[in-house]
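Residue numbers start from 1 in every chain, and the chains themselves are labelled A, B, ... in the order their sequence lines are given, proteins ahead of strands. Just the heavy atoms: all of them, side chains too, but no hydrogens, waters or symmetry mates, feed the values below.
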Amino acid sequence: MTTFDANGVTLERIREFVWELPQEGEMRSPARVLASEALLEQISDDKTLEQLRNATHLPGITNYAICMPDGHQGYGFPVGGVGAMDAENGCISPGAVGYDINCGVRMMTTNLTYSDVQGHEEELVDALFDNVPSGLGGGGIVESDVDTVEDVLARGVDWALEHGYAVEEDLLHCEDEGMREGADPSKVTQKAKDRGKNQLGSLGSGNHFLEVQRVTDVFDGEVGEAFGLEKDQIVVLIHCGSRGLGHQTCNDYLRKIEQQHRGLLNQLPDKELAAAPAGSQLAEDYYGAMNAAINFAWVNRQLIMHRTRQVFERVFDRSWEEMEMNLLYDVAHNIAKKETHEVGGEQRELYVHRKGATRAFPAGHPDVPSAYRDVGQPVIIPGSMGAGSYVLRGGEASMDLTFGSTAHGAGRLMSRTQAKQDYWGGDVQQELQDRQQIYVKAQSGATIAEEAPGVYKDVDEVVRVSDALGIGDKVARTFPVCNIKG
DNA sequence: ATGTGC
């Protein structure tokens, strides 16, 4: 049998791109890594595999703890990790959702082509940078009070529709139609709401960005047509999350779990995996608060998209409707959700944790919006700012292999600290412009260094694995035109 | 990811 050894963890090759860590000791399930050998090499000297093994200690973990092709180490649970825990006898873990609750991506299509934008790149990037709030701290598109935040937490994009920041079709092209059931604003702390009230409609920092892109390849014409994608078309990608509100919510519940469920915590190999037992009051409270933070993030991306439409109207002197600036889809890649999956021939209700992983439901699944039901849900996988992105569609194998999930990005190769030692923001920015005609504007040079293309894995390789496994199939590829970030 | 720590 072919094996792969790294950092005291031995993986067995099941078949191409499928590697298994057999169950042993205190593990409650085996673990699986979905990767090529090249991608495995890149996680062989950090804590990714150890964290994946630790995740199998969580109560109620079902089938396998799974690492997507873009996986890398995170807080307790790998980024690129999927863990489905029994919703009655298992648990829910904030560290397996991620600090940035409903960090996610949306893509907006247009009827502009690359030639319409060429020559206007600098004007466009400046206008976007001046009008879309970014960077650390406060200042959003909507300055709200705590009452407004509570409305947003409860209703999600429905709030944006009522206030003229969205049209009906935007809701239909969003997971959960932009409103998570079970959101309970009363379970979000006052401190979290205070942090969120002046951040509605802001990108934030780190890997968050707004990027104008052009479609360079359509691999599947039929699905491309269903998604409204054509070669040379201009699209806009928005990547951000729930800002300080989600971060505070994660932190608040980690502390509460540490206080109230010490027994379970002491059984786990890593304190960062802190989990609330399914059925406990705290599990219900976290789920209500997390769902509310999910709604906040959806409104955040909606407001940024609304502002982007206005910026394009000014730059191109046409209405956004005329430019057909429609939402293709919005995907969440840091969430947990109660879902029903077939396990060993029976239907089971599970808390599916996707941390740096994207839902990838195939054609025919009732949760895929009707516009895409025949082809599968759109999956958006951003690469680095020098590489562009992919649009996939949920693959037939995802329900069997990954609880309906695939990758969420290229995946980091090195820490932010290391990145700042290796790169200088201004140089990276200049090179992108000179060599690839990509215009980048950021609040901080340090952010550009931290997000330099060289700190990311090869998104082509990540997507190759997803496509080959049939969990997410290639539909189209894009390349950056201009990018704004924090 | 983050008013850039526990």
Side-chain angles (χ1 to χ4, degrees), chain A residues 51 70-81 93-105 133-140 143 146 149 188-200 202-210 238-259 262 265 270-272 274 289-290 293-294 296-298 300-301 304 331-336 353-358 382 384-385 408-412 414-421 425 442-451 455-456 485-486:
Chain A
Q51 290 183 337
D70 56 333
H72 60 92
Q73 71 176 47
Y75 178 89
F77 192 93
V79 176
S93 170
V97 170
Y99 258 91
D100 190 4
I101 296 167
N102 192 5
C103 183
V105 202
S134 65
L136 284 170
E143 295 298 316
V146 169
V149 169
V188 175
T189 63
Q190 197 60 42
K191 191 175 179 184
K193 289 171 190 165
D194 279 334
R195 285 184 70 174
K197 71 185 177 193
N198 66 347
Q199 297 183 325
L200 264 177
S202 64
L203 278 175
S205 185
N207 63 358
H208 291 160
F209 62 81
L210 184 157
I238 295 165
H239 178 205
C240 62
S242 51
R243 303 294 329 277
L245 183 140
H247 187 270
Q248 188 66 46
T249 300
C250 180
N251 213 36
D252 289 339
Y253 280 91
L254 284 170
R255 299 296 89 81
K256 287 180 203 193
I257 290 168
E258 286 166 8
Q259 287 163 12
R262 284 220 79 82
L265 188 65
D270 183 351
K271 177 169 101 54
E272 293 183 356
M290 182 203 64
I294 285 172
F296 184 92
W298 272 325
N300 193 24
R301 290 197 285 278
I304 291 168
V331 297
H333 57 223
N334 270 14
I335 52 100
H353 298 68
R354 296 189 183 92
K355 178 188 187 180
T358 313
S384 75
M385 60 182 161
H408 85 307
R412 289 193 82 84
M414 65 175 83
S415 69
R416 298 185 177 281
T417 314
Q418 182 66 47
K420 278 181 283 197
Q421 286 166 13
Q443 297 287 348
S444 142
T447 303
I448 300 181
E450 289 172 1
E451 296 299 317
V455 317
Y456 281 95
K485 51 208 300 98

> How close or far is atom P of B:dT4 from atom CD of A:Q248, stated in whole angstroms?
Replying inline: 11 Å

> Which part of the nucleic acid, if any, lies within reach of A:E258 when heavy atoms closer than 4.0 Å are counted: base, sugar-phosphate only, or nothing?
Replying inline: nothing

> When you look at A:K197 and A:D194, which way does the salt bridge (charged side-chain N to carboxylate O under 4.0 Å, His left out) test go after all the steps?
Replying inline: CA-CA 5 Å; A:K197 71 185 177 193; A:D194 279 334; 3.3 Å; yes

>> Return whichever of A:R412 or A:Y75 has its heavy-atom-nearest nucleotide of DNA chain B closer to the 5' end.
In response: A:R412

> Could you give the CG-to-P distance, from A:D252 to B:dT2, as a whole number of Å?
Replying inline: 16 Å

>> Evaluate A:D100 against A:H247 for side chain to side chain contact (heavy atoms under 4.5 Å, CB included), listing each step before the verdict.
In response: CA-CA 6 Å; A:D100 190 4; A:H247 187 270; over 6 Å; no

> What integer distance in Å separates A:E451:CD from B:dT4:P?
Replying inline: 18 Å

>> Please classify the nucleic acid contact of A:K271 as base, sugar-phosphate, or nothing, using heavy-atom distances under 4.0 Å.
In response: nothing

>> Is A:R416 close enough to B:dT4 that one of its side-chain N or O atoms is under 4.0 Å from OP1 or OP2 there?
In response: no

> How would you label the contact of A:S205 with the nucleic acid (heavy atoms, under 4.0 Å): base, sugar-phosphate, or nothing?
Replying inline: sugar-phosphate

> To the nearest Å, how far apart are A:H247 NE2 and B:dG5 C1'?
Replying inline: 10 Å

> CD of A:E450 versus C1' of B:dT2: gap in Å, rounded?
Replying inline: 12 Å

>> Run A:E450 and A:R412 through salt bridge (charged side-chain N to carboxylate O under 4.0 Å, His left out) and show every step you take.
In response: CA-CA 10 Å; A:E450 289 172 1; A:R412 289 193 82 84; over 6 Å; no

>> From CG of A:D100 over to P of B:dT4, roughly how many Å is that when rounded to an integer?
In response: 15 Å

> To the nearest Å, how far apart are A:F296 CZ and B:dT2 P?
Replying inline: 11 Å

>> Once you apply a heavy-atom cut-off of 4.0 Å, does A:G241 come out as touching a base, just sugar-phosphate, or nothing?
In response: nothing

> In whole Å, what is the span from the CD atom of A:Q443 to the P atom of B:dT2?
Replying inline: 13 Å

> What do you reckon, are the aromatic ring centroids of A:H408 and A:H239 less than 6.0 Å apart?
Replying inline: no

